[in-house]
Amino acid sequence: MEQQNIYQPYLMEIEKITEEAPMVKTFRLKFTNEEEGNNFSFRTGQFGEYSVFGEGEVTFCVASPHTRKGYIECTFREAGRVTTELASLNEGDTIGFRGPYGNIFPIDDWKGKNLLFIAGGIALPPMRSVIWSCLDQRDQFKDISILYGARSVADLVYKQELEEWKERPDVNLVTTVDPGGETPTWKGDVGFVPTILDRMKPVSENTIAIVCGPPVMIKFTFPVLEKYGFSDDQVFTTLENRMKCGLGKCGRCNVGKVFVCKDGPVFSRTQLKDLPDEY
Amino acid sequence: MQEFEPKIVAFVCNWCTYAGADLTGTSRIKYDANVKIIRFPCTGRIDFMILMKAFENGADGIIVSGCHPNDCHYSTGNFHARRRWIVFRNLLNFAGIETERIQFSWVSAAEGFKWADVVNNTVKKIREFGPNENYKKIAVSTLFNEEGTSNE
Amino acid sequence: MEKELKILKYSDLSKLIERFHAKGFPVLAPVRKGKVVEIELVESLGDIALDVLLSTQSAKKTAFPKVEKVLKYTLAKSGVTQHPVDPDTARETILFGVRPCDASGFKSLDAIFGEAPGDQFYLKKKEKTAIISFSCPEADEYCFCTSVGGGPGNTAGSDLQFTGIGKDEIFVEILTEKGKQIAAIFADLLSDSPAGIDKTKFLADVKVVFDSDKVVENTSASFNNAALWLEQSLRCIGCGACAFVCPTCACFDFQDEQNTKQGVRLRLWDSCGFSLFTLHTSGHNPREVQSQRWRQRIMHKFSYMPQQLHVVGCEGCGRCSRACPVDMNIKEHLTAIAQVG
Amino acid sequence: MSELIKKVTQLLNDKTVDVFIGYGKGSADRIRAIFVRSAEQTEKLVLNSACTQNLAGYILKQEVKHLGKIGVLANVAALRSMLQLASEFQVKDGEVLALFANPDGTLTEFIDFHSIEVFLTTTDTGITSDEQERIAQLEALTVSERWNFWNKEFEKCIKCYACRAACPMCYCHRCTTDVNQPQWIPVASHERGNLDYHLMRAMHLAGRCVNCGECASACPMDIPLNLLTYQLISPIKTGFGATAGMKADAVYALSTYKPDDKENFII
């Protein structure tokens with residue numbers, strides 16, 4: 001049936017709140033209407049519009065993998081109007097969710113390849129969905145490496161999962177913090193993500209690199225990948241622009257001829273090079 | 001029909017009027033219960049937009065009250081406030097909003113009786129004025145209740 | 001459908017409005033209000049300003065109002081309850097006396113809101129609006145419809161089009177099924193049109209000033225021509241007047257408003273000319289200065305929309321130029337772009 | 001006219017200014033602001049009775065500032081805008097050069113604020129008699145008639161913010177309307193949003209408005225917005241002895257006080 005009101009969100013109950021880092025929280029959300037929940041499905045890479053009633057909507061990627069049903073998770077940093085309000089909510093409170101929107105990471109095309117995930121700071125959440133999706137079907141992929149950096153040890157998110165990945169023999173996890181952000185007990189690397197990546201000497205052959213992070217990190221990471229022979233088709237990222245509708249209508253996330261919400265948020269570097277520098 | 005009970009919001013200074021209102025209570029002086037008191041650090045902190053919001057959220061009348069001139073806890077807050085009120089009243093009047101709905105007063109911590117008088121007189125005045133119809137027409141609830149969407 | 005041609009007497013025009021009302025159709029038409037001309041509900045022909053060139057705002061607000069409720073909800077201790085907002089509550093309405101550019105302006109909006117998933121708030125209202133456009137006997141120096149594929153007698157988007165021929169007669173073109181149904185209401189007032197009426201004789205002469213294809217081609221190539229955009233937009237003050245009077249601008253914003261018990265989510269007009277339009281929470285702004293935002297407005301209409309939706313997002317009505325407080329004349333700027341390179 | 005071209009040519013040639021903001025021919029019979037950056041472009045300068053726009057608004061525009069040192073053709077309102085902006089620490093003395101076209105065709109050059117101050121003491125800076133009359137007419141109405149008047153006017157408002165953008169005093173990087181934590185002024189252009197926005201703007205301009213009338217002339221919906229702020233000019237002048245845009249070191253009337261400020265409404 002044709003949807004009457006495309007701007008009407010599902011109501012979601014906050015099932016569980018996890019404090020990830022200062023100002024960063026993860027919500028596990030379940031549908032208040034069970035039937036809606038059962039009919040709901042999404043693919044890795046997609047995002048949604050989360051509403052706090054009275055404040056408005058905010059855009060995040062779905063941080064849980066599509067292979068796990070029955071709930072969705074989102075991780076956010078308290079920054080603007082809606083996220084501040086969101087952060088003040090408690091378990092059991094109701095929020096709205098519209099989605100899933102946008103395109104997906106072409107995971108199926110990556111089968112049989114090595115994967116290199118490079119994330120910085122609060123950009124791990126959109127990546128986490130992909131990582132778990134791949135780990136949930138681990139036998140389909142060859143080597144999986146994750147390079148994750150944050151400003152300081154406290155700013156690393158998903159600390160428990162990082163431990164878990166570290167323990168796994170089939171994952172090569174490298175964590176790093178910016179110089180000065182380390183603690184006396186810190187066992188990981190110290191240095192900026194591009195520097196550490198350079199030290200890792202990534203092998204480009206049969207490898208896909210997925211990069212996500214703040215604009216500066218991306219700016220300095222791409223040249224390193226280039227140096228090791230990654231072609232533009234081997235590099236993927238997910239963009240973020242200001243959005244309102246999520247459906248390619250409100251005009252906000254327009255970059256060149258694409259809408260990040262509708263044609264993105266996942267872009268290969270080849271596609272990215274086609275776009276004007278307006279993100 | 002039910003008799004009109006005015007809703008009054010009082011924005012008061014913590015150091016004088018709030019204490020004054022407290023004294024009214026502890027002295028067991030009775031005054032009309034139509035008023036809801038909101039405490040501010042100083043009348044100088046009471047922005048005109050806060051008063052506009054009170055109307056929008058259903059206040060029929062507003063009381064703004066603080067320290068007498070020269071008694072400000074922060075020396076000059078009430079002097080600054082007074083200037084702004086003079087200008088703001090002018091603007092309200094010119095925009096067609098009844099300035100009588102906002103009562104400004106100086107009530108010190110010792111003036112329990114005066115506070116009761118200010119409240120009672122304001123309630124009486126607003127009772128005569130009637131509900132703040134102009135603002136009711138533009139309230140959120142009106143927007144909420146409006147039928148669907150039209151193309152007219 | 002095959003279009004039908006008829007003749008209507010000027011003196012019968014007032015009867016049309018009466019009959020529409022008798023049938024229960026509200027009539028929206030341009031009404032003079034001091035210096036501005038608004039599209040509003042009218043009672044009789046006397047209310048309608050048929051002699052004006054164009055209404056100040058475009059007719060888009062009939063299907064895409066400046067404020068529109070898309071959600072309503074109540075708040076309680078137990079949680080939030082949503083109440084359905086039916087997008088389909090508009091009445092069948094007749095939009096009367098607008099210009100061809102207003103009627104054809106809807107095709108851009110149709111493309112934006114009609115693209116899946118369809119926005120029923122717009123689509124239902126549009127569906128219920130029948131457009132009777134009046135072709136233009138005159139134009140002014142801001143008009144450039146003919147340069148972007150329209151014209152003073154362009155019938156695209158109209159259900160019926162009226163063209164004044166001579167003193168007493170109106171040449172009526174019945175263009176769509178909807179138009180046919182509307183025409184049936186006053187069929188007895190119509191006589192068959194003699195063959196060979198050339199309506200173009202009665203239309204304004206709007207000169208083609210630039211080649212629209214050339215603009216489409218050059219905008220795409222001129223993205224990085226910062227000097228061009230800066231030169232054009234130096235005097236731009238960054239208000240949203242152009243976007244808000246534009247018949248094809250469709251960017252919008254959502255805002256929640258609530259009291260302690262209930263709230264609504266409103267869909268509001270927005271403009272890419274505002275500096276906050278694209279501002280990220282982090283403080284990063286992809287379009288930081290006004291010249292980039294001016295570029296976006298032009299590029300969106302002349303480069304992105306043709307690529308995404310296969311329509312040029314401009315009808316050449318010139319409203320943006322007329323409304324601009326600092327006289328940014330889009331016709332002039334587009335002509336300059338057409339000449340680049 | 002030729003005087004102006006000669007002067008601006010000289011200013012540009014000897015690099016006294018890098019850009020001169022003046023009036024040029026616009027669409028139809030309109031006049032628009034032009035940004036003259038070379039001697040050849042001075043030919044485009046126009047000076048006639050239609051040149052009324054307050055060009056001082058542009059001296060704070062980021063992209064104009066990037067062009068270098070600014071010269072501006074300033075009318076009385078623009079001169080006052082400059083002084084008011086100076087008193088709010090937005091322009092420094094000597095930063096902007098202003099030329100004033102006298103009715104007799106001669107030019108007066110202002111290189112510092114002091115000379116503008118002196119000039120303005122002998123200049124008529126008040127609102128026009130027409131505007132005075134409109135205000136008087138409105139003041140003669142009853143309160144509810146005035147409410148209805150403004151309600152009708154604000155109803156037209158589409159919140160394009162042309163008034164704010166055109167106002168030389170509305171230079172805030174983030175206007176109160178755009179502050180959203182909390183969203184104090186409703187963004188929507190419905191009755192409440194419009195009333196709030198226009199009252200807020202009038203209040204924030206009280207004692208700062210230099211009566212250039214740009215807000216009203218910029219308004220595409222023809223709302224007489226200038227009356228809101230003009231009406232406050234007289235009470236501020238009689239009450240506090242302050243007039244905006246007359247002194248570069250003036251203290252904003254509403255950020256100061258006198259112990260004996262007169263009022264008759266506080267009990």
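All heavy atoms count here, side chains included; hydrogens, waters and symmetry mates do not.
- Neither the backbone nor the side chain of C:E288 comes within contact range of chain A; no heavy atom of the residue lies under 4.5 Å from a heavy atom of that chain.
- For the set C:P117, C:G79, C:S78, the count of heavy-atom pairs under 4.5 angstrom toward chain A peaks at C:P117.
- For the set C:Q308, C:Q255, C:Q307, the count of heavy-atom pairs under 4.5 angstrom toward chain A peaks at C:Q308.
- Under the 4.0 Å criterion applied to side-chain N and carboxylate O atoms, C:D119 and C:K126 are not assigned as salt-bridge partners.
- The pair A:R252-C:D270 counts as a salt bridge, with a side-chain nitrogen and a carboxylate oxygen less than 4.0 angstrom apart.
- The part of C:Y73 that comes within reach of chain A is its side chain, from C-beta onward, which places non-hydrogen atoms under 4.5 angstrom from that chain.
- Most heavy-atom pairs under 4.5 Å with chain A: of the set C:Q296, C:M305, C:Q292, C:E257, this distinction falls to C:Q296.
- There is no contact between A:C253 and chain C, counting heavy-atom distances below 4.5 Å.
- No hydrogens or angles considered: a donor-acceptor pair under 3.5 Å links the side chains of C:T278 and C:N285.
- Heavy atoms of C:F252 lying under 4.5 Å from chain A belong to its backbone as well as its side chain.
- Relative to the ring axis of A:F222, A:R269 places its NZ or CZ within 45° and under 6.0 Å from the centre.
- Ring orientation note: the planes of C:F106 and C:Y122 are tilted relative to one another, at an angle of 30° to 60°.
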